[in-house]
There are 2 protein chains.
Amino acid sequence: MQRPDPFNAQCPTRQVLDRIGDKWAVLILIMLDRETLRFNALRRRIENISQKMLSQTLKSLERDGLVRREVFATVPVTVEYSLTELGRTLAKTVEALTLWAESHIEAVQEAQRRYDRGGHEMN
Amino acid sequence: MQRPDPFNAQCPTRQVLDRIGDKWAVLILIMLDRETLRFNALRRRIENISQKMLSQTLKSLERDGLVRREVFATVPVTVEYSLTELGRTLAKTVEALTLWAESHIEAVQEAQRRYDRGGHEMN
DNA sequence: CCGAATCCTGTTTGATACTG
DNA sequence: CAGTATCAAACAGGATTCGG
């Protein structure tokens with residue numbers, strides 16, 4: 001194991017892991033991978049997100065170089081969000097996770113039912 | 001787009017996404033993918049985790065059928081944690097994320113520095 | 001339309017102490 | 001060794017309001 005160790009809190013890999021750990025960030029990433037969107041359009045697609053969290057998360061994604069923010073001097077102003085190339089590569093990786101989720105969700109739910117019934121047999 | 005939509009809060013895919021979103025859960029997954037470990041051994045490897053969070057996270061991972069818990073009637077009692085087959089497949093997928101992190105962390109940090117300097121040029 | 005600022009609440013987490 | 005219980009602190013998140 002000569003790679004940087006994510007268990008060390010100082011490890012930069014941890015930063016990325018934390019970013020992915022952010023529920024809204026992942027959803028926004030997936031959304032913007034599909035299409036460029038304006039603020040309120042994005043907000044309508046991700047139900048239940050507050051404008052505070054949306055703007056906050058977008059800002060941090062922009063800071064990380066994952067999202068590009070473009071302002072157009074229309075009246076009223078138009079702001080478009082899209083993924084950068086860097087963001088697209090991350091979105092692809094995250095996509096693998098959602099695929100895992102879709103194909104294994106049943107197994108997980110079955111395990112939960114078994115656990116909740118009190119029997120903890122597992123394989 | 002005919003697959004279940006993770007943006008709907010009711011979608012089960014969201015559950016898995018949330019699980020992955022858990023910082024400790026991911027770290028434990030990676031650790032146990034490397035080797036079977038006992039409670040305190042695990043705790044020592046993941047610095048800064050409280051025993052409360054460790055036990056809590058392990059319990060939920062066990063419930064999801066990702067982690068197997070085995071108790072041995074020694075004195076004092078021995079408890080070993082390992083990944084189930086299901087857990088291993090998830091760990092493999094998560095591994096892809098850590099690989100992304102390692103190879104792109106520099107680009108991210110560079111973007112952050114640029115952003116913090118005030119220039120938001122991006123590509 | 002696109003946000004920032006403020007306030008306020010509930011969940012998460014950490015410290016500490018205790019049990020089988 | 002492997003946890004549970006309890007309490008306080010910290011933080012994330014929502015609602016609301018206001019401004020460019």
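Note that these values count all heavy atoms, side chains included, but never hydrogens, waters or copies made by symmetry. Chain letters run A, B, ... following the sequence lines, proteins first, then strands; residues in each count from 1.
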For B:Thr89, give me all partners under side-chain contact (heavy atoms from CB on, under 4.5 Å), at least two apart in sequence or on another chain.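 If we apply the side-chain contact (heavy atoms from CB on, under 4.5 Å) test to B:Thr89, skipping adjacent residues, the hits are A:Trp100, A:His104, B:Leu86.
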For A:Val71, give me all partners under side-chain contact (heavy atoms from CB on, under 4.5 Å), at least two apart in sequence or on another chain.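 Result, side-chain contact (heavy atoms from CB on, under 4.5 Å) vs A:Val71: A:Arg69, A:Val77, A:Val79.
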Between B:Arg44 and B:Ser55, who's closer to the 5' end of DNA chain D by nearest nucleotide?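 On the 5' side of the pair lies B:Arg44.
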Rounded to whole Å, how long is the line connecting atom [atom1] of [X] with atom [atom2] of [N]?
X: A:Leu58; N: C:dC2; atom1: CG; atom2: C1'; answer: 11 Å
X: A:Arg69; N: C:dC2; atom1: CZ; atom2: P; answer: 10 Å
X: B:Glu62; N: D:dG3; atom1: CD; atom2: C1'; answer: 13 Å
X: A:Leu42; N: C:dG3; atom1: CG; atom2: C1'; answer: 14 Å
X: B:Leu37; N: D:dG3; atom1: CG; atom2: P; answer: 13 Å
X: A:Ile46; N: D:dG13; atom1: CD1; atom2: P; answer: 13 Å
X: A:Glu80; N: C:dC1; atom1: CD; atom2: P; answer: 15 Å
X: A:Glu47; N: D:dG14; atom1: CD; atom2: P; answer: 14 Å

Quick one: side chain to side chain donor-acceptor pair (under 3.5 Å) partners of B:Thr78, sequence neighbours excluded?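 B:Thr78: side chain to side chain donor-acceptor pair (under 3.5 Å) contacts with B:Thr74.
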Taking only residues two or more places apart in sequence, or in another chain, which ones meet [X] in a salt bridge (charged side-chain N to carboxylate O under 4.0 Å, His left out)?
X: A:Arg19; result: A:Asp64
X: B:Arg38; result: none
X: A:Arg113; result: A:Glu110
X: B:Arg88; result: B:Asp33

Presence of B:Arg38 side-chain N/O under 4.0 Å of D:dA2 phosphate oxygens OP1/OP2: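 True: B:Arg38 side-chain N/O within range (under 4.0 Å) of D:dA2 OP1/OP2.
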Stems formed with participation of DNA chain C [Watson-Crick or G-U wobble, under 3.5 Å, three or more pairs]: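 For DNA chain C the paired stretches long enough to count as stems (3 pairs minimum) are C:3-20 with D:1-18.
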Encode nucleotides 9-20 of chain C as B, S and - characters from 5' to 3', where the letter depends on protein heavy atoms closer than 4.0 Å: B to the base, S only to sugar-phosphate, - to neither. ----BBBBB---
Between D:dA2, C:dC2, D:dT4, which one does the side chain of B:Phe39 approach most closely?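 The answer is D:dA2.
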Report which part of the nucleic acid B:Tyr81 touches: base, sugar-phosphate, or nothing (heavy-atom distance under 4.0 Å, all strands).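 Contact class for B:Tyr81: sugar-phosphate only.
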Spatial distance of atom CG (B:Leu27) from atom OG1 (B:Thr57) [nearest 0.5 Å]: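 Atom-to-atom, B:Leu27:CG and B:Thr57:OG1 are 9.5 Å apart.
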Quick one: closest heavy-atom pair of A:Ile20 and A:Val26, and the distance?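 Scanning both residues completely, I find the closest heavy atoms to be O-CG2, 3.0 Å.
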